[in-house]
Every structure is written in C-alpha cells, then in structure tokens.
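All residue numbers in this chain count up from 1 along the given sequence. Counting convention: from 1, in listed order, for ligands and their atoms alike. Worth knowing before you read on, the calculation uses all heavy atoms, side chains too, and leaves out hydrogens, waters and symmetry mates.
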Amino acid sequence: MKFAVIVFPGSNCDIDCYKAVEDTIGQEVDYVWYTATDLSAYDAILVPGGFSYGDYLRCGAIAQFAPVMNEVVKAAEAGKFILGICNGFQILTEAGLLPGALLRNSGMKFRCHQTPLEVVNNGTAFTNQYSQGEIINIPIAHGEGNYYCDDETLAQLEANNQIVFRYAGDDNNPNGSLKNIAGISNERGNVVGMMPHPERAVDQLLGSEDGKRMFTSILNAWREQHGAAVNG
Ligand SMILES: NC(=O)CC[C@H](N)C(=O)O
C-alpha cells in the first residue's frame, strides 16, 4: 500500500505523518508537494496539520486552490482513503470534501493538550481497529477547531453515521464544537477529517499510542478491499 503526505507551504505535521506510517505499518510513503498534478500512484492520502499559506483569510481557505487539491478531489471520487488532520481537516472542509466549517475556538485561544475522544463510528476504514464507544487519548493543537454546521447537515451527519469522533468526558469540549464533534466522514466513508492528531500519539514516549490504530485500520481496510491477508 502506498501513502502520500501532502506538503503545503507551512505544513508542520508532515514529518510526523510520514514517520507514523513508516513506524506503525511500514508501508511505502512519499511527501507530495502542493503543486503536484498526479496522485494516481497512491492508495491513501494524508493531508497533514500545521499551517497553510499562513492560514490567511481562514485556515485552509487558500490551500483549497492549490493544484494538488484537484487530484485530492479526484482521489476521493475514486474511493481512495483520505485523512485530513487538523489543518488538513480545515482544508478538506474548505474544498467541499467534508461538510461544515471550523470556526475560531470558542475561548479564542490556541489549545494544545491531550484530550479523551470517543470513537463514535468504528465502521470506517480509519477506525476499524477500535471498539465502538472506546475512549482514546489523542492530542489537539489548534486555534480554529470549533466544528460548526447547520441543522440540516447535522441531521444528515447523524442519520448517516458520519460523526466519527467526539470529545469525551464531562464538560470536555476544548473548542466549542457543535455536539462535541471532533471528526467526521463524508457520506461514502472514504474521507475523514479530524482536529486531534493521531500521528502525535503513536508511541508511549509521546504520551499515548492510541493513534496507532488509525494507521493499522487504514491498512486493514485496504487489505480487505484487495483481498489480501489482514494483520500481516
Ligand atoms: N495543528 C494544526 O494543524 C493547526 C491548524 C490551524 N493552524 C489552527 O490553528 O487551527
């Protein structure tokens, strides 16, 4: 299986994503510059966090026009696995690949700490190695993570089981997100965006290894799709 990690001007979690793929599942992975015009060689695309174009206007607002985004849209339409983490989630919503928007954190502060998350849907290609309802610890680091969508969109997300993660625990909503939403999928389930950073939780030295199973989930889903043995 082959992964692309997209690099925008200002990405700063690209190396973490690359290392997470290498260390957790040992699959092929390339950095792909934002000017790229062909992603056909890749099975999964990681849109990493950090900043893009200085996050001017809004986080992700300029990055959605980068040449590579046409290819990310094509890959999504082809059913490939696409994971947007933090700034990557913001870019995927700006590009229309995921519904809703990420607003400034309700407290108007950049929040950077571990947070418990509930796995709300373990039926996706990104979460199949977790139990339904499992609570995992993953760090956040963002200033614009306050998920918002209108009532109609929220009803669709709930009806189609598109809410993948919520901030868990009493009074734990670090950014004011609607219904504590921390991650969602598209209707088809092959595109997921999340504000927390699983790539920063792949070793106990980092404080948690609960993010590892996102990467093993993707490999597992790909192997199932391709009829190969799982858990290898
Ligand atoms: N870690 C990140 O990707 C941060 C995203 C964005 N720069 C924000 O502050 O919200």
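Surrounding CD1 of I25 are more than 12 heavy atoms belonging to other residues, nucleotides or ligands, all under 6.0 Å away. Surrounding CD of Q204 are more than 12 heavy atoms belonging to other residues, nucleotides or ligands, all under 6.0 Å away.
Numbered from 1 in the order shown, with element, the atoms of ligand 1 that lie under 4.0 Å from a heavy atom of C86 read 1 (N), 2 (C), 3 (O), 4 (C), 5 (C). Taking every non-hydrogen atom of F51 and a distance limit under 4.0 Å, the qualifying atoms of ligand 1 come out as 7 (N).
Residue-to-ligand polar distances place A141 within reach of ligand 1: an N/O pair is separated by less than 3.5 Å. Residue-to-ligand polar distances place G143 within reach of ligand 1: an N/O pair is separated by less than 3.5 Å. For ligand 1, one of its N or O atoms has an N or O atom of N87 under 3.5 Å away. Annotation: D55 places an N or O atom under 3.5 Å from an N or O atom of ligand 1; distance criterion only.
Using a 4.0 Å heavy-atom cutoff, M195 is absent from the residues neighbouring ligand 1.
The heavy atom nearest to atom 4 (C) of ligand 1, considering only G49, C13, G50, G145, is found in G50.
Between the CD atom of E94 and the OG atom of S52 there is a distance of 9.5 Å, given to the nearest 0.5 Å.
The closest donor-acceptor contact from the side chain of T124 to the backbone of T127 lies under 3.5 Å. No side-chain donor-acceptor contact under 3.5 Å links D43 to the backbone of M1.
Between the side chains of N175 and H142, at least one donor N or O sits under 3.5 Å from an acceptor N or O.
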